[in-house]
Student: 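Below are the structure tokens for one structure; questions will follow.
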Amino acid sequence: TAKWALGLFVAFGAIRVIDFIFYGQQMRDLLAGTGLLLIAYGIYKNGFRSTDFHTAGRYASIAGTVLVLAAIAMRFWR
């Protein structure tokens, strides 16, 4: 299951970064894309059932989650 999640996070992260570069140049797209790619890095380093945690992967997942939540907040902030 970790391989599927890794693929989905990489795909959605790349889509958001491409959307930022070519279409809208909105900061929320860059934040969401970077956050999703950081979560994908954390999944790559740790997986779902790993008992030995990789510290950089754990912090990357936490930072990615914060960035994605910030992008969601920016989307609905008015």
Side-chain angles (χ1 to χ4, degrees):
T1 59
K3 290 180 184 178
W4 284 97
L6 177 64
L8 287 175
F9 280 114
V10 168
F12 287 135
I15 288 169
R16 296 302 293 232
V17 171
I18 289 169
D19 189 32
F20 172 76
I21 293 171
F22 292 113
Y23 298 109
Q25 285 87 25
Q26 295 181 356
M27 186 57 70
R28 68 174 188 244
D29 291 330
L30 183 63
L31 289 177
T34 306
L36 290 169
L37 292 173
L38 283 172
I39 293 171
Y41 174 75
I43 291 173
Y44 174 73
K45 284 297 194 180
N46 289 326
F48 284 133
R49 296 187 178 134
S50 177
T51 57
D52 185 30
F53 291 109
H54 189 266
T55 305
R58 183 175 182 186
Y59 289 138
S61 292
I62 293 169
T65 304
V66 169
L67 289 176
V68 169
L69 290 175
I72 292 170
M74 288 176 72
R75 170 70 174 97
F76 294 108
W77 190 275
R78 296 207 185 226

Student: Could you grab the distance from atom CZ of Phe20 to atom CD of Gln25, nearest 0.5 Å is fine?
Tutor: 6.0 Å
Student: Distance from Thr34 atom OG1 to Met27 atom CE, nearest 0.5 Å?
Tutor: 9.5 Å
Student: Is Tyr59 reachable from Ile43 through a run of hydrophobic residues whose side-chain heavy atoms are each under 4.5 Å from the next?
Tutor: no
Student: Of all heavy-atom pairs between Leu31 and Ala71, which one has the smallest distance, and what is that distance?
Tutor: CB-CB, 4.1 Å
Student: Considering all heavy atoms of both residues, which atom of Leu37 and which atom of Phe9 are nearest to each other, and what is their separation?
Tutor: CD2-O, 4.4 Å
Student: Can you list the residues that meet the side-chain contact (heavy atoms from CB on, under 4.5 Å) rule with Ala56, with sequence neighbours excluded?
Tutor: Tyr41, His54
Student: Can you name the residues that form a side-chain hydrogen bond (donor to acceptor under 3.5 Å, both in side chains) with Asp29, not counting sequence neighbours?
Tutor: Arg16
Student: Can you give me the closest heavy-atom contact between Ala40 and Val10, atom names plus distance?
Tutor: CB-CG2, 3.7 Å
Student: Same hydrophobic cluster for Leu69 and Ile62, using side-chain heavy-atom links shorter than 4.5 Å among ILVMFWY?
Tutor: no
Student: Please say yes or no: joined through hydrophobic side-chain contacts below 4.5 Å, possibly via intermediate residues, are Ile15 and Leu6 part of one cluster?
Tutor: yes
Student: Which residue, Leu67, Val68, Val66, forms the side chain to side chain contact (heavy atoms under 4.5 Å, CB included) with Leu38?
Tutor: Leu67
Student: Are Ile39 and Leu8 joined in one hydrophobic group, where the rule is that I, L, V, M, F, W and Y side chains link up if heavy atoms are under 4.5 Å apart?
Tutor: yes
